[in-house]
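Below is one structure, written out as structure tokens, with a few remarks after it.
All ligand and atom numbering here is 1-based and tracks the order in the structure. Heads up: numbering here begins at 1 and tracks the sequence.
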Amino acid sequence: MRRAFTLLAAILLFGLIAFSQDGEKALTGAVASTPPMGWNSWNKFGCNVSEDLIRQVADAMVTSGMKDAGYQYVVIDDCWQVERDSNGNIVADANRFPSGMKALADYVHGKGLKFGLYSDAGTKTCQGRPGSRGYEFQDARQYAVWGVDYLKYDWCSTSTQDARSSYEIMRAALDASGRAIVFSICEWGKSQPWLWATGVGNLWRTTGDIQDRWQGKQEWKPGDCCNYGMLDILDQEAGLESYAGPGHWNDPDMLEVGNGGMTTAEYRAHFSLWAILAAPLIAGNDVRDMKPEIREILTHKEVIAVDQDPAGNQGRRVRQTGNLEVWSKVLQDGSRAVVLLNRGTTDREISASWEDLGYPAHLSAKIRDLWQAKDLGEHKGTFSATVAPHSVVMVTVKP
Ligand code: GLA
């Protein structure tokens with residue numbers, strides 16, 4: 001009798017553990033099955049954030065067609081927080097967010113969008129605001145109460161902290177909060193998060209910060225390395241392909257499209273390359289005031305479909321000859337998305353051979369130019385195009 005009771009208790013306990021583990025898995029695995037898409041305040045607005053701005057951005061996400069194109073998360077980066085109260089609760093800047101975070105999250109949700117916030121694994125954020133170190137569970141509970149759907153978690157003021165265990169603590173805290181929250185790891189690739197962060201975060205930054213220029217790395221100040229141009233970031237993605245997949249993405253940082261430092265052709269290249277990389281597409285411009293050509297880039301359905309392809313493969317650089325490159329991404333239906341990139345300053349012909357794309361040379365395949373939205377007919381063995389300086393041609397190749 002006693003043995004039967006013990007057995008029953010053991011079965012019940014096992015069931016309970018299995019259930020709660022499943023519950024947690026459901027929580028972390030249900031989000032970001034394709035690369036997250038949204039908007040973040042940092043690249044354009046820095047510390048100049050407020051509830052008025054965020055409401056206007058949420059409105060514009062809908063009216064501009066960004067929401068329809070797939071952008072979901074509206075994320076406030078650094079500087080929304082000012083202090084902790086006497087109970088240790090994180091406090092939003094009451095001058096800039098007088099209605100409070102819950103009301104703002106409700107507003108964003110009311111637009112059919114999702115709401116995100118930023119914090120830091122150390123004692124202070126990169127702008128010197130309170131970080132989450134030692135308050136991880138309390139902060140995660142607060143985010144869940146406010147209705148936060150996305151957390152970007154930075155790496156300033158972390159002293160001798162271990163990256164993996166620091167991010168694992170916040171992972172556990174988010175799970176314990178009971179809310180499905182996308183977890184965006186931002187430690188700039190320092191501890192090679194691609195080796196440990198699957199199952200911890202849904203995306204992880206692979207590099208230092210992007211800045212709004214085509215190419216060229218710069219020290220922040222003498223001895224403090226570095227921020228990067230778009231191509232410098234691209235170069236650091238080559239070789240990381242195998243670590244990305246549904247629920248866990250390499251993050252080459254947010255988009256600069258529309259911020260004014262690059263030409264329209266360069267922005268088209270930036271967006272095409274992020275799509276071929278299966279990168280998170282987090283717009284970083286003023287979506288309330290977009291030139292038509294910028295809006296056209298950010299909402300381009302066929303290019304976004306490459307990024308969001310459900311197989312979740314990150315594209316690879318399959319050929320590099322001086323300034324001329326071919327990048328290829330295997331899509332779910334077996335076709336390829338291909339970017340021909342001309343980094344140089346004169347018109348050049350670039351060819352993608354079927355061998356580069358992993359196809360037998362005799363195969364006949366349909367080519368479609370995505371930016372021109374134009375079918376280019378059947379090709380065999382190779383596809384070539386003239387590519388303007390600092391530009392791309394982006395096609396799909398479908399046998
Ligand atoms: C770091 C991050 C940026 C941004 C700033 C905010 O530099 O990498 O993306 O969040 O902090 O201070």
Could you list the atoms of ligand 1 found under 4.0 angstrom from a heavy atom of [X]?
X	result
Cys126	1 (C), 11 (O), 12 (O)
Asp78	6 (C), 12 (O)
Trp188	2 (C), 8 (O)
Gln127	12 (O)
Arg205	8 (O), 9 (O)

Query - Tyr118 near ligand 1 by a heavy-atom separation under 4.0 Å - result: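 Contact present.
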
Query raised in the report: Do any N/O atoms on Trp42 end up under 3.5 angstrom from N/O atoms on ligand 1?
Result: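 In fact, backbone or side chain, Trp42 has no N or O that close.
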
Requested in this report: Give yes or no for whether the N/O distance cutoff of 3.5 Å, strictly under, is met between Asp253 and ligand 1.
Outcome: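 For ligand 1, there is no N or O atom that lies under 3.5 Å from one belonging to Asp253.
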
What residue and atom, counting heavy atoms only, is the protein's closest point to [atom], and at what distance?
atom	answer
atom 9 (O) of ligand 1	Lys152 NZ, 2.8 Å
atom 11 (O) of ligand 1	Asp154 OD2, 2.8 Å
atom 4 (C) of ligand 1	Asp77 OD1, 3.5 Å

Query raised in the report: What orientation do Trp194 and Tyr243 show, parallel under 30°, tilted 30 to 60°, or perpendicular over 60°?
Result: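 Aromatic pair Trp194/Tyr243 classed tilted.
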
Query raised in the report: Between Tyr267 and His270, how do the two ring planes meet: parallel, tilted or perpendicular, split at 30° and 60°?
Result: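 Answer is tilted, since the angle falls between 30° and 60°.
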
**Report entry** Nearest-option assignment for atom 7 (O) of ligand 1, heavy atoms, candidates Val75, Ile210, Thr207, Asp209
**Finding:**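 The residue whose heavy atom sits nearest atom 7 (O) of ligand 1 is Asp209.
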
Query raised in the report: Centre of Tyr359's six-membered ring, under 6.0 Å away, within 45 degrees of the axis: is that where NZ or CZ of Arg336 sits?
Result: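 Pair Arg336/Tyr359 counts as cation-pi.
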
To the nearest 0.5 Å, tell me how far [X] [atom1] sits from [Y] [atom2].
X	Y	atom1	atom2	result
Lys190	Thr207	NZ	OG1	11.5 Å
Arg129	Asp93	CZ	CG	6.5 Å
Leu113	Tyr71	CG	OH	13.0 Å

**Report entry** For ligand 1, the portion of Thr125 having any non-hydrogen atom under 4.0 Å away
**Finding:**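 Within the 4.0 Å criterion, Thr125 makes no contact with ligand 1.
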
**Report entry** ligand 1-proximal atoms of Cys186, by part, heavy-atom distance under 4.0 Å
**Finding:**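 Answer for Cys186: side chain.
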
Query raised in the report: Under 3.5 Å, is there a donor-acceptor pair between the Asn40 and Asp77 side chains?
Result: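 There is such a pair between these side chains.
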
**Report entry** Polar contact flag, side-chain donor to acceptor under 3.5 angstrom, Trp214-Thr263
**Finding:**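 The criterion, which ignores hydrogens and geometry beyond distance, is not satisfied for Thr263 and Trp214.
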
Report task. Look at Asp333 together with Lys398 and state whether they make a salt bridge at an N to O cut-off of under 4.0 Å. Result ->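 Yes, charged N to carboxylate O under 4.0 Å.
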
